[in-house]
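Right, one structure below, let's go through it.
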Protein chains: 2
Amino acid sequence: MNLKNICLFLLLCYTQWLHAENGYELWLRYKLVSKGEFYTSYCLKNRKVMFPGETESLIAAKKELQAGLSGLLNIPYTEEETLEDNMLIVGTPQSVPLFKEQAFHAEINGLSDEGYLILNCTIKGKKTTAIVARTDIGVLYGVFHYLRLIQTNQSLDKLHIKENPKLKYRVLNHWDNLNGTVERGYAGYSIWNWERLPSYKEQRYTDYARANASIGINGTVLNNVNAQAKSLRTDWLVKASGLADVFRPYGIKVYLTAKFSAPKEIGGLNTADPKDPQVRKWWKDKVEEIYSLIPDFGGFLVKANSEGQPGPQDYGCSHADGANMLAEALKPYGGIVFWRAFVYQNERHVDRVINGYNEFKPLDGEFAENVFVQPKNGPIDFQPREPFHPLFGGMPYTPLSLEFQITQENLGHAGHLVYLGTLFEEVLQSDTYENGKGSTVSKVLQNYQKTHGISAIAGVPNIGTDLNWTGHLFGQANWYAFGRLAWNPDTSSGKIAEDWARMTFSNDKSVLSLVLKIMMMSRETYVNYTMPLGLNHIMNYDTHNGPEPWHDDPVWTAFDYHKITKDSIGVNRTAKGTGATRQYHNPVGEMFDDIKQCPQEYLLWFHRVPWNYKMASGRNLWDELVYHYYKGVDEVRQIQTIWNELDGKIDRERFEHVASLLKYQEQEAIWWRDGCLLFFQEYSRLPIPANLEQPKHSLKYYKNIPFPHDWKGLYK
Amino acid sequence: MNLKNICLFLLLCYTQWLHAENGYELWLRYKLVSKGEFYTSYCLKNRKVMFPGETESLIAAKKELQAGLSGLLNIPYTEEETLEDNMLIVGTPQSVPLFKEQAFHAEINGLSDEGYLILNCTIKGKKTTAIVARTDIGVLYGVFHYLRLIQTNQSLDKLHIKENPKLKYRVLNHWDNLNGTVERGYAGYSIWNWERLPSYKEQRYTDYARANASIGINGTVLNNVNAQAKSLRTDWLVKASGLADVFRPYGIKVYLTAKFSAPKEIGGLNTADPKDPQVRKWWKDKVEEIYSLIPDFGGFLVKANSEGQPGPQDYGCSHADGANMLAEALKPYGGIVFWRAFVYQNERHVDRVINGYNEFKPLDGEFAENVFVQPKNGPIDFQPREPFHPLFGGMPYTPLSLEFQITQENLGHAGHLVYLGTLFEEVLQSDTYENGKGSTVSKVLQNYQKTHGISAIAGVPNIGTDLNWTGHLFGQANWYAFGRLAWNPDTSSGKIAEDWARMTFSNDKSVLSLVLKIMMMSRETYVNYTMPLGLNHIMNYDTHNGPEPWHDDPVWTAFDYHKITKDSIGVNRTAKGTGATRQYHNPVGEMFDDIKQCPQEYLLWFHRVPWNYKMASGRNLWDELVYHYYKGVDEVRQIQTIWNELDGKIDRERFEHVASLLKYQEQEAIWWRDGCLLFFQEYSRLPIPANLEQPKHSLKYYKNIPFPHDWKGLYK
């Protein structure tokens, strides 16, 4: 071993021991790349950088490039002003006038406001690599993409990458309460330290902005849709402005939720009626104040007339009337309204699945041009699996924003390993047939850019004060996947998982294949052991974790969702039932409507099915149900086995973190399986085949397991 | 530059860029030491390590040594079983039988259960360094001490260090609520994630244990003295056992607070009367259950009959009766009771300063042998400066534990830079004259080891979920100082500050001198701009931050604490007043009693003084007060100037973190100064000298500044 190799060996020892992998660095770890085929080329092409420019965003981009290259390549970051061979050149035509003379200048001009090019090119006879954009933010995005190429071990030769985001507004919707708790957050508390804002800005804010910018997220709603009016009070706006100042260089705009009753609660008015000129003036003044504090404020997210929140219907007005009032106030400043379509009557005789569509479809076209209507991905409420929401494809005249949940409210909180990329992809690639075949949800969202000049997607994040941000290390993948899909909703979830795994763990194929196998099976596994075959909403009423198909009280009953009897299970939502299938375009609606055609994973969602119904597998329904629940638990054990193969191949901290959570997940999977099957069995009266591991306990035992504290429940 | 140097240079670049200094690593950063006089010797002496042993604590020690040496020296950690020259040998005579044959074996046997030796010695003709102890925990402590020698750039030659802790119980008292909030905690939320305990153990728990073990803390009370009975319920005990399992290898025992009414609240009894046999049985059974889950459980901390907490007086029994009941239950298992002496009547005619003494002094000698009575350091309540509590030196027959506050409840929360080492030292070195001159509080505490075989000290920590643990980076120094002083209460605060600064920032003298200057002046600075000359308890009623000498309502009034009139200010606590001075031994009591002898810093604590009273400086009292308040603000600005000299000498993240908090501190210092002086001036009618910067605003303005949200206030 020569001296150089010894030094490098020492360096590796050093890096291995010094920093326990606690997950804080997310996918931006920038660990030294291994000496594979590309290392020499990476070093060669990054030894000298030309990167002029002093704007906030260019400085942020430069800092990132510096940290990234130093870490990944372990070479000093050196900037030069003179053109050299093998140089990396970064900037806009403004910051690097050289770019104006290049053949690709036209291509630069064709980029969107956030797009970028990464290409190998010869400039004045010198071979260079250029990261170039029309705007500073484009440059920042380009830098992150460029670093990702190295992080994921890609070649830097023959590069000609052109990227424009496919959706314009890519927004996180934090459900963070002003008291520091996070509704349905399972990774500690809110990372916003309101007490010390705006004067003190935590390092976490910058790291949050970096992480988001690295995946193209360009907006963040700071507070919960179950809103408090005081978030719009001057002192709280000043606090929010402190966050906006940190996020601005990273291209992230701050949004706030707007409680519809704010004019009454904090404005001293005696109404919030959108017809009242004083109310309208109050919102205009408030918006003016906001923009004086946050000049690039994004706009409002509103949950109105839903689950107890006030709204325009309190005054005999429509959702459109309410949204348009806010839109009018925001319009002069370029602000946007996201108006949620998650509404349902709390009346048992009305099928909740058809509510949102019925309430919003008639309003199509009535919203102002800076309003998005925002349905959740499915028509109920972030279940492990739902068919896509029929408003997608059903609102040609109103731009829709799609709301995903990144936090695992109904997917095991932060205790279960569930990669949601596949769920997101399944929804986005669902074909609505709005304009014939190929009108996927993804295309519907993208199409609004053409028809209305705006497009959007939203995600409710899983971010909290936990050291690793998301509680479960694999929760990071869901944040990551949301961002990547927001940028391009047609990216494959497998490709995203691979990128994430490479950056988070290793480019070593023997590690990658195991991690990816786990990720790609994990969501179906979760569905199997909790709510297979289209079952839904049978989780614990309060915590939304753990099985409670037996929950039955006047406020809320699981029986409305499974309608179990000794003969059958499932809800008839066909044309002859509640009619949910008729909210879809044909042939989708027809397919859902016909029990023979209906995809098995939505069977009990749309159909009421006898226990002895013959499934495609040849099994009857009961046996099929049993099969899925057992498969789910088996798959968790498979995941454990696969994970254990990583012992010694990845760092101990993260290995043990995941291993210990997988044990926890196995226990809960068994609880789900046995609890649900024993309950269903009381009706079906059919046996669990004797060759299967039998439930260890009685139904009564499973009913009495206390539901693990959730964040909200714990603090009562 | 040769290849080796290039590699080292690269290494430095690498380490500099890759890891932003976010403070998470505390004083255990283990960064590569600079190439100073000792580097070669360090490498030579640590190239080979003999460290057999497989117990939990030895493995923890080895892991630490490995991480420490790899980081500090950048050499591979290599263990060998054969003796070599220049070897480092670590263990006990059990794990390294070689030690039994050495001359220092007798010295090993003379060590206490937690003591250790670090020495250079020749074993079988080989020059070695030995870290040796009787117990595994002693080894762990020795390893931390050894690493500290390198971290602080000390020679490893001619070592013969023998350390035994001077106090037996060195305990953190967390005021963490079971709902995740921290009473008077200003660094986020509780780090105990009760939701997922005991099954999931966060990395933070281990790092918490490492940090505490590194400074010798050997116990932790997990929950708030304002207790909830449910912490003793089986499900919560199981959760606590999960933490105990993590802490055990690090020599840290878990304690819990015991709510006196627990037998009623969770035990189903209709009384908590210590005379009731059923109550006594309930506690015995409960303690048995606890030890079945946590075999090395430490014991209970109790706040009884104080500020609304239930206690034995509710049943006509004394504090001793209550404490002894719990002590009896704990005795068979070696458990301890800490019984707090922080009690006062909420009656305005009774001087709060004399309460604790009067209530506990008559009980001296009545407590069981495994009970500590625990007063706070001073007789009121963690003020920026108080004279020592007169119970110290006044309870020869009852072992006392001293309770310090590490969290800055009355010292600017986590927003102000205040090094508390000097405060702790001032208290510990106060001479009680219990047994003549030299009977310092420190000696009083240590003396119980001789008279009663036990001794203790407690600190209410400033630890929370903030990335840097303590909110303000310099808050880490207070946690550190508490631990070092708990181990040896006679250590100088300056030495501790230096060790901390070397480990936290740099061994570079030009950095050190600046950091130390700031630290050593900071607490007096805080006293100056808030409560100089013995003033106290004039902070905001609710948040305990910001000036509110004007607070006056039936529940609580600042006027009882300053008793301001147009003639005078201060409280007469002399023999002719409330008699507080008579609770001290002479000559201390006489000194406090005599306005001429009374140290100026306690003047208004013990005396009522006319505005025109001539001070030693030649100034009258009013001018002296003005002088101190202005000095305080000036000193904050000096601190800012000194800190700014560090720009470029330390990492940007931590430089800016502190710089931004210093701005905040300056604003609050001005608020304190101007608010207090303008208020006092309404009575004194004396001028603020014209040559001084005059208050910019009216008293009314200062009165109307909203008190910054504190953790508790924010979440109402």
Side-chain angles (χ1 to χ4, degrees), chain A residues 3-4 6-11 13-20 22-24 30-32 66-67 70-71 74-77 178-180 186 188-189 193-196 199-204 207 235 414-415 465-468 471 653 657 660-661 663-664 667 706 708-711 714-716, chain B residues 3-4 6-11 13-20 22-24 30-32 66-67 70-71 74-77 178-181 186 188-189 193-196 199-204 207 235 415 465-468 471 653 657 660-661 663-664 667 706 708-711 714-716:
Chain A
L3 188 54
K4 189 178 162 193
I6 291 172
C7 288
L8 288 169
F9 170 75
L10 300 183
L11 183 75
C13 297
Y14 171 79
T15 57
Q16 197 158 4
W17 281 110
L18 190 51
H19 290 284
N22 57 32
Y24 179 77
Y30 301 143
K31 301 286 179 213
L32 185 61
Q66 213 164 358
S70 310
N74 190 28
I75 57 173
Y77 175 88
L178 303 183
N179 70 358
Y186 310 102
Y189 292 86
N193 184 345
W194 293 114
E195 179 183 9
R196 299 230 220 139
S199 56
Y200 178 61
K201 297 174 175 81
E202 298 194 2
Q203 176 65 30
R204 248 196 208 265
D207 293 330
D235 53 339
T465 52
D466 268 13
L467 205 51
N468 72 10
E653 290 82 7
H657 163 87
S660 79
L661 287 173
K663 280 185 206 149
Y664 180 87
Q667 288 163 22
H709 301 286
D710 77 337
W711 211 250
L714 182 61
Y715 298 116
K716 272 174 188 164
Chain B
L3 189 52
K4 188 177 161 192
I6 291 174
C7 288
L8 288 167
F9 169 75
L10 299 185
L11 183 76
C13 297
Y14 172 79
T15 59
Q16 197 158 3
W17 279 111
L18 190 50
H19 290 284
N22 58 32
Y24 179 77
Y30 302 143
K31 300 287 176 208
L32 185 62
Q66 213 164 358
S70 309
N74 190 28
I75 57 174
Y77 175 87
L178 302 184
N179 69 0
T181 58
Y186 311 103
Y189 292 87
N193 184 345
W194 293 113
E195 179 183 8
R196 298 232 221 140
S199 55
Y200 180 61
K201 296 172 176 82
E202 298 195 2
Q203 176 66 27
R204 248 196 208 265
D207 291 330
D235 53 337
T465 51
D466 268 13
L467 204 50
N468 71 12
E653 290 82 4
H657 163 87
S660 80
L661 287 172
K663 280 185 206 150
Y664 181 84
Q667 288 163 19
H709 302 286
D710 76 338
W711 211 249
L714 180 59
Y715 298 115
K716 276 174 188 166

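Labels below follow one simple rule: chain letters A, B, ... track the order of the sequence lines, proteins then strands, and each chain is numbered from 1.
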For Tyr200(A) and Ser660(B), which heavy atoms make the closest approach, and how far apart are they?
CD1-OG, 3.4 Å

Nearest heavy atoms of Arg196(A) and Gly471(B), plus distance in Å
NH2-CA, 3.7 Å

With rounding to the nearest 0.5 angstrom, report the [atom1] to [atom2] distance, [X] to [Y].
X: Glu195(A); Y: Tyr186(B); atom1: CD; atom2: OH; result: 8.0 Å
X: Lys663(B); Y: Ser199(A); atom1: NZ; atom2: OG; result: 10.5 Å
X: Asn193(B); Y: Leu467(A); atom1: CG; atom2: CG; result: 12.0 Å
X: Asn22(A); Y: Tyr24(B); atom1: CG; atom2: OH; result: 5.5 Å

Which label fits Tyr189(A) and Tyr189(B): parallel for a plane angle under 30°, tilted from 30 to 60°, or perpendicular past 60°?
parallel

Tell me, with the steps shown, if Asn468(A) and Gln203(B) meet side chain to side chain contact (heavy atoms under 4.5 Å, CB included).
CA-CA 10 Å; Asn468(A) 72 10; Gln203(B) 176 66 27; over 6 Å; no

Heavy-atom distances under 4.5 Å only: say whether Glu202(A) touches chain B with side chain, backbone, both or neither.
side chain

